[in-house]
Structures are given as structure tokens and as C-alpha cells.
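Quick note on labels: first sequence line is chain A, next is B, and so on, each numbered from 1.
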Amino acid sequence: MAERTIGLSVTRFRPGEDRQPVSQTFTIPYHDDWVVLDALQYIKDRHDGSLSFRWSCHMGVCGSCGMMVNGVPKLTCAAFLRDYFPNEVRVEPLANFPVIRDLVVDIDDFMHKLAEVKPYIIRDDLETAPVGFGHEFRQAPEEVDDYRQFSMCINCMLCYSACPVYGMEPRFLGPAAIALAHRYNMDSRDQGRNERMPVIGSSEGIWECTYIGECSVVCPKNVDPASAIQRTKLATTNDWFRSILMPWGKR
Amino acid sequence: MATSAESRTRAYRWRMPVAWWLKSTHYTLYMVRELTAVFGALWAILFLAQVPLMKADYAGWLSQMRSPGWVLFSFVSLLFVLYHVWTWFNLMGSVLYIRLGKSPIPGTAINALMFAVWAVASIVIALVVATPILVG
Ligand code: SF4
Ligand code: FES
């Protein structure tokens, strides 16, 4: 039996040489247990060693292999060729990000935004609390449930690439950064909410979001960033009412 | 090796296509949802604008309300508003996080509650407000 093959049309862009990305088609053997990332690796090994793309874990954990597969943001290590076969598969760099080379995008913007929301536990008493034993902040299982879903984020940025608001306004803090801020705000051990709020509540923060909801559709970890954003809107609105009605009260 | 600043200036800047909202059904439905708000608001403004006429010339106002154009516009607006309400209530389950004791209320239950409250309110309005007018 003749070997079955599949076509992959892959975006190529050489900085300094190409004015804009072009697509190049490769025909490779088809295996129904291959994912798109395997196909790219095959092309790199057998056809063109200069093809550039990012990956690391090959198991949906590191979040570095995100690309557009047939126009939809996907982890390429989790996108099986069999879901597209026998049709050609179009692989492009993640939308909404500047393309550095081929399928590699510039993620600096997201990295800065992530740092801005302080995604770690903030305590007033860290300095004074005794170090070592006893230096622990206890949490009940139901308190973990309050934020568990939002802690599953692997920073793959598929949500940014699905978000038209981010596409039009790159200053928007974006789905994952807000979801992570929400994750720490909901953590019973954390006291940093007031430090995060100026960034989250700014005009480039939650209020840019018009609830298109595609971030939650494409998220491979069911983080549901859209829900985190809407919950944060509700929480800030409550804060505002409380500050009007009870100006003497402090959170 | 290019530095990160260098590679950034040489990077290809992606631009959002104008017709982005036609790229997927989700995006298109989102645009429709946003448009429904325009119809809702427009209907309310036009209705309010006719209130002075109702006071001055009730019969004239009634016939205006019954004109085919207004009836059609109202019907279309109603469909849009119903769609808007549908999307809004379905959103509530993911917005409201209420933990009763150890477990949070499921989003689907919250959504269902919204629709139930809506149904009850509609029935009450139909009985208390509309029926006396229709029956005379
Ligand atoms: S929220 Fe989901 S889609 Fe966005 S970066 Fe995190 S894991 Fe990826
Ligand atoms: S390679 Fe790590 S998530 Fe795909």
C-alpha cells in the first residue's frame, strides 16, 4: 500500500529578508498518532533544518508550542493530525503577536504584563513571621477550590491570540494575566489584592474586555479567563459601591 | 546573534484584519449580541420620544403605535432584546461565584435561576399590568 501523506502549509518569515510572512507547503508521511508538533519536527529533520518553532515538553504542560492551526490557536503538541486528515493543515504563528521568525512570536509583552499583576502570594507579615516551622499559611480544601481552576494556567497565550480586543488594543492586560491576578486575589492566604487592583482596574485592565469569550473557548486548561475577568469586574464594582456607602470602612 | 531589541524591530507586526468578526461564528455572534443593544436602546428612546404625543393626542398616539412600521420595528427589536437577555443570563453562571459552606453553587443552577426569575416576572407583568388593559 502506498504511504499515506498529508500536506502542511507552514508560515515562513526570515527577519531582515522577508517583508512579510509567506507560506510554504510540505508533504510528509501521515501517522494517525502524530500531532502537528511531530509533523513540524519531521519537516525540520528531513526537509528544512531552518524551520523555527518553540516547544519543550511535548505534553501540554510547558505552554510554549502554541500556534494557529487552521486559524485556531492550539497547543501543537495536543493537536492531532488525524483531526485534520486528509485535508491540508495550515500552521501559522500565534495571532496578535509580532512574528520574530517563522512560527516564533515575541512574547515580551505578555511577560511584562504577567509581572505587573504580581502573580505570587503577598503577605504583610512575611518579614515578621518566624521563618521555618510555623511559617505556614493554612488553607482548607474548599478555599483551594475557590481558585484552583485559575491556577491551572500554563501561560501558553492561546487566549491572547484568540482575543480581538488584544488584537486591536495591545495595551490590554489580557485574559491570562487577569486570570492569574484573580487566582491570587481569591487565595485565602494572600493579602495583595489592593496592590494588584490599580493595574487590573485601570483602563487597560478588566474594563477593556467586552466579553467576547473566545479566550475561554481556546484555553487548553479550562482556566476560563473570561469568567475571571467578569468576576473581577463585579468585585471592583462592589468595592466602589462599598467605598461610596461606607467611606470609613477598609477592606 | 541578534539581541532581543534588534529582533523586535525586525519582527513582523501582525495587523488585525478589518473583517475579523467574520472569521468565526463565535465572533459573529458576539457582534450580533453587541448590535442587539443598539436596537434595545433605540426602541426605548423612540418610545419615550412619543410619550408627549400620548398626553396631547391619545388617539393619534394609539394609531401611531399600531402603524405597520412601528409594529415591525418593535417585533424585530423584541427578537434582538430576547437574544441579548439570553446571552446575558447565560453569562451569570460564570460571573457569580457563591460558595455555600463547602461547595459553590454550580453555574448552570445560577443560569437556570435567572431564567426562572425572568419567567415569573413576565407572568406577573402579564397578569397585573397587561391583562387589565387588554380586558379593559
Ligand atoms: S488562560 Fe488558558 S489559554 Fe490563556 S495562557 Fe493560561 S492556559 Fe493558556
Ligand atoms: S510542547 Fe509543552 S505545551 Fe506543547
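- R13(B) CZ to F97(A) CZ: the interatomic distance, rounded to the nearest 0.5 Å, is 12.0 Å.
- Between D18(A) and Y12(B), the side chains place no donor N or O within less than 3.5 Å of an acceptor N or O (distance only, hydrogens not considered).
- Heavy-atom distances place the side chain of R33(B), and not its backbone, under 4.5 Å from chain A.
- With hydrogens and angles disregarded, no donor-acceptor distance shorter than 3.5 Å links the side chain of S94(B) to the backbone of S227(A).
- To the nearest 0.5 Å, atom NZ of residue K23(B) and atom CD of residue E214(A) are 12.5 Å apart.
- Summarising the local packing, CG of N222(A) is surrounded by 12 or fewer heavy atoms from other residues, nucleotides or ligands at distances under 6.0 Å.
- Of the two parts of R101(A), neither the backbone nor the side chain holds a non-hydrogen atom closer than 4.5 Å to a non-hydrogen atom of chain B.
- Side-chain contact check for Y30(B) and T210(A): at least one donor-acceptor pair (N or O, by modelled atom type) lies under 3.5 Å.
- Across every non-hydrogen atom of A162(A) and Y27(B), the tightest pair is O-OH, 2.6 Å.
- R231(A) places no side-chain N or O within donor-acceptor distance of the main-chain N or O of Y97(B), the cut-off being under 3.5 Å.
- Dense packing is recorded around CH2 of W70(B), with more than 12 heavy atoms of other residues, nucleotides or ligands lying under 6.0 Å away.
- The part of V217(A) that comes within reach of chain B is its side chain, from C-beta onward, which places non-hydrogen atoms under 4.5 angstrom from that chain.
- When heavy atoms are compared at a cutoff of 4.5 Å, L234(A) approaches chain B solely by way of its side chain, counted from C-beta outward.
- No more than 12 heavy atoms of other residues, nucleotides or ligands lie within 6.0 Å of CH2 in W86(B), so this atom counts as exposed by the packing criterion.
- Scanning all heavy atoms of the two residues, the minimum distance from M16(B) to N96(A) falls at SD-OD1, 4.0 Å.
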* Asked: side chain to side chain contact (heavy atoms under 4.5 Å, CB included) between E143(A) and R99(B): does it pass, once the steps are laid out?
  -> CA-CA 10 Å; E143(A) 289 171 322; R99(B) 177 152 61 79; 4.0 Å; yes

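- In this structure, CZ on R10(B) lies 13.0 Å from CG on D106(A), to the nearest 0.5 angstrom.
- Highest contact tally toward chain B, considering only D224(A), T232(A), D146(A), is held by D146(A) [criterion: heavy-atom pairs under 4.5 Å].
- Residue A95(A) touches chain B through both its backbone and its side chain, counting heavy-atom pairs closer than 4.5 Å.
- Counting non-hydrogen atoms of neighbouring residues, nucleotides and ligands closer than 6.0 angstrom, the CZ atom of R189(A) exceeds 12 such neighbours.
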